[in-house]
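Here the structure comes first, spelled out in structure tokens, and everything after it is commentary.
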Amino acid sequence: MDSITKALMDIVGEDYVSNKTEELFTYSKDLGTSEPQWPDYVATPKTAEEVSRIIKLANEEKLAVVPLGGGLSLAGLALPLKGGITVDLKRMDRILKLNKIGRFIVVEAGISNGKVAAHLHKHAPDLMHSEPGAPAAATIGGNLAIHGQGDLAHPYGFNSDMVNGMEVVLPTGEICQFGSCALGNDWYTLHPLPDLQLFMGWSGCTGIITKVSLRLFPCKKNIEQDMFIVEDEKLIPKILYELTHVGMAEDLVAISQEIPPPFNRLHCILINLSGDSKEELEFKRKLIFDGKLTKYIQEGSGGIGAVGQRVERPQVTKTSDWRKGGGFEYVGAIVPVSFYPDCYRRGSEISQRHGIPYTVLGRVIGSGHGMMFSWTYAFNRADEDTVRHAREALHETDEMVLEMGGTLWKPAVFGQKLVMDRMDPNTLQMMKKVKHLLDPNGIMNPGNWEVA
Ligand SMILES: Cc1cc2nc3c(=O)[nH]c(=O)nc-3n(C[C@H](O)[C@H](O)[C@H](O)COP(=O)(O)OP(=O)(O)OC[C@H]3O[C@@H](n4cnc5c(N)ncnc54)[C@H](O)[C@@H]3O)c2cc1C
């Protein structure tokens with residue numbers, strides 16, 4: 001047994017370390033188009049102290065450390081591009097505190113969204129957190145590390161805007177707390193201390209998030225989805241503007257997809273509403289339909305697709321298997337809502353060029369302050385040609401987004417480089433200083449957000 005394996009076993013216990021090919025294999029891949037990247041070791045710590053000791057060891061040995069949550073971010077972000085230790089955080093999945101009146105929950109960052117939702121369902125059914133549309137195994141820490149968004153994006157913004165405090169293990173091993181918890185004053189707020197939030201959106205390059213206080217929001221007894229359909233994509237920004245003015249929805253998503261064929265070239269606006277009573281739901285529906293959407297029906301440019309469909313959370317997309325073989329990856333971008341028509345048109349052209357059924361989706365963030373727009377490219381894992389097409393389509397989409405004036409969300413290394421090439425040089429310099437200050441040995445998720 002080599003000395004690093006032994007040192008890792010001393011930290012986390014024998015059963016929670018591996019350097020065996022058959023186990024490392026699982027960690028060498030993700031679900032997207034990225035080429036496999038092998039770690040040298042995998043360790044699955046149980047506490048922040050163990051994470052800290054692993055990081056100190058990695059600094060001594062000059063080994064890379066790659067945090068891994070659910071491994072569902074698709075863009076190769078948790079693949080060990082430079083080998084080293086994959087730190088699988090899924091054993092750090094405890095719920096530490098639920099404060100109902102203060103509407104927050106404190107969890108270990110490796111906990112899955114599904115486990116948080118199940119706990120709330122049992123112990124505080126009138127509260128919810130904003131759940132991404134990812135499979136339920138996606139972790140809270142992984143989602144924050146990439147600025148994810150969930151099904152409360154319309155009223156409350158990015159999931160990373162819904163954090164009340166954090167504990168992070170820095171790339172040099174210190175365990176730090178941010179927010180009121182740093183004063184020992186519970187986990188009820190992140191503000192108003194000087195802003196030291198250097199961990200969200202960095203894909204684990206500046207530290208490992210180990211604890212999080214998440215804001216909770218009212219969970220009404222019934223959640224339903226209504227669907228409004230238009231043919232003309234140019235109507236979408238205006239309709240979304242009107243719907244965000246009414247402010248009754250929890251999640252507002254516009255989607256267009258080639259499959260199933262009846263939906264091809266149509267734009268479906270999915271409107272999630274919730275209410276504790278029939279009257280509450282009817283009231284909200286009335287404001288939305290009678291107040292805003294009926295005029296489109298009367299002028300013949302829109303129609304109701306469905307009303308009152310029951311919603312299961314999380315609402316996971318079913319678009320992954322359209323080429324058979326189960327592969328898909330998407331480019332996500334944060335763009336103004338007004339970009340929808342162009343994003344749809346140019347994205348569907350890219351799909352067409354690569355022979356992939358198009359799927360595009362825009363989720364409203366905040367009161368129409370932005371939109372997460374995604375272009376999904378399905379491929380067949382067993383057919384290298386379809387993988388190549390998907391990869392090329394992803395790269396073309398990255399370039400298109402930046403050329404249009406959008407920003408990339410959770411970009412893969414290719415997109416990260418495009419972003420950094422275009423970034424204001426002073427900002428880039430600042431990123432470099434922050435990275436070098438926090439991570440002097442460059443051990444944290446190297447290869448990602450590499451500021452030269
Ligand atoms: C079908 C499908 C639908 C999706 N829908 C959504 C959606 O609606 N909204 C959305 O936001 N995302 C969505 N995603 C993308 C992604 O799955 C989620 O964002 C997910 O929450 C990522 O979490 P994870 O635990 O899988 O992260 P991982 O993939 O494990 O990690 C993501 C990045 O964060 C780093 N990291 C992981 N844990 C930590 C930590 N504790 N501290 C520091 N860095 C860390 C990793 O190194 C990596 O760089 C979807 C994905 C799929 C497959």
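Counting starts at 1 for both ligands and their atoms, in listed order.
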For [X], atoms of ligand 1 separated by under 4.0 Å from a heavy atom:
X	answer
Trp409	10 (C), 11 (O), 12 (N)
Gly148	11 (O)
Asn445	47 (O), 49 (O)
Gly207	43 (C)
Ile208	42 (N), 43 (C)

So, the side chain of [X] versus the backbone of [Y]: is there a donor-acceptor pair under 3.5 Å, distance only?
X	Y	answer
Thr244	Leu240	yes
Arg310	Ile223	no
Thr386	Asn380	yes

Decide whether the shortest distance between a heavy atom of [X] and an atom of ligand 1 is less than 4.0 Å.
X	value
Gly110	no
Trp202	no
Phe328	yes
Pro135	yes

Ligand 1 versus [X]: contacting region, heavy-atom distance under 4.0 Å:
X	answer
Ile146	side chain
Phe158	neither
Asn113	neither

Requested in this report: Look at atom 16 (C) of ligand 1 and find which of Val87, Asn448, Val168, Leu72 reaches it with the closest heavy atom.
Outcome: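 Shortest heavy-atom distance from atom 16 (C) of ligand 1: Leu72.
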Please state which protein non-hydrogen atom is closest to [atom] and give its distance, to 0.1 Å?
atom	value
atom 8 (O) of ligand 1	Gly133 N, 2.7 Å
atom 37 (C) of ligand 1	Gly142 CA, 3.5 Å
atom 28 (P) of ligand 1	Gly71 N, 3.5 Å
atom 15 (C) of ligand 1	Tyr330 OH, 3.3 Å
atom 31 (O) of ligand 1	Ser73 OG, 3.8 Å
atom 48 (C) of ligand 1	Leu77 O, 3.6 Å
atom 24 (P) of ligand 1	Gly70 N, 3.4 Å
atom 44 (N) of ligand 1	Gly204 CA, 3.3 Å

Query raised in the report: Taking the side chain as C-beta and beyond, is there a heavy-atom pair between Val66 and Leu79 under 4.5 Å?
Result: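 Not in contact.
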Query - Note, Val434 side chain near Met431 side chain (heavy atom, < 4.5 Å) - result: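 SC-SC contact between Val434 and Met431 ruled out.
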Query raised in the report: When the ring centroid of Tyr377 is compared with that of His389, is the distance short of 6.0 Å?
Result: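 Between Tyr377 and His389, the centre distance exceeds or equals 6.0 Å.
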**Report entry** CA sep, side-chain torsions, deciding dist, call: Arg388, Glu392, salt bridge (Lys or Arg N to Asp or Glu O under 4.0 Å)
**Finding:** CA-CA 6 Å; Arg388 182 179 55 79; Glu392 284 172 13; 3.2 Å; yes
Query raised in the report: Between the side chains of Gln257 and Thr359, is a donor N or O closer than 3.5 angstrom to an acceptor N or O?
Result: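 Note: Gln257 and Thr359 side chains miss the donor-acceptor criterion.
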Are any of the N or O atoms of [X] closer than 3.5 Å to those of ligand 1?
X	value
Pro67	yes
Lys410	no
Leu31	no
Ala138	no
Arg363	yes
Val66	no
Ile209	yes
Asn143	yes

Query raised in the report: Does the distance from a Lys or Arg side-chain N to an Asp or Glu carboxylate O, for Lys82 and Glu450, drop under 4.0 Å?
Result: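 Yes.
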Query raised in the report: Who pairs with Asp251 by side-chain hydrogen bond (donor to acceptor under 3.5 Å, both in side chains), at least two apart in sequence or on another chain?
Result: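 Listed in chain order: Arg363.
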Requested in this report: Quick one: list whatever passes side-chain hydrogen bond (donor to acceptor under 3.5 Å, both in side chains) with Glu258, sequence neighbours left out.
Outcome: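 Glu258: no side-chain hydrogen bond (donor to acceptor under 3.5 Å, both in side chains) contacts found.
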Query raised in the report: Which word best sums up how the rings of Phe178 and Phe199 line up, parallel for under 30°, tilted for 30 to 60°, or perpendicular for over 60°?
Result: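 Tilted.
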Query raised in the report: Centre of Phe104's six-membered ring, under 6.0 Å away, within 45 degrees of the axis: is that where NZ or CZ of Lys97 sits?
Result: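 No, cation not above the ring by the 6.0 Å, 45° rule.
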Report task. Take atom CE of Met423 as the centre, draw a 6.0 Å sphere, and report whether it contains more than 12 heavy atoms from other residues, nucleotides or ligands. Result ->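 Enclosed.
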Report task. Using the side-chain contact (heavy atoms from CB on, under 4.5 Å) rule, take Ser256 and Tyr340 through it: C-alpha gap first, then chi angles, then the decisive distance, then the call. Result -> CA-CA 11 Å; Ser256 183; Tyr340 183 93; 4.0 Å; yes
Requested in this report: Going by the side chain to side chain donor-acceptor pair (under 3.5 Å) test, name the single residue among Arg215, Arg103, His191 that passes it with Asn164.
Outcome: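 Result for side chain to side chain donor-acceptor pair (under 3.5 Å) with Asn164: Arg215.
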Query raised in the report: Which atoms form the tightest heavy-atom contact between Gly165 and Leu190, and what is the distance?
Result: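 Closest heavy-atom pair between Gly165 and Leu190: CA-CD1, 3.9 Å.
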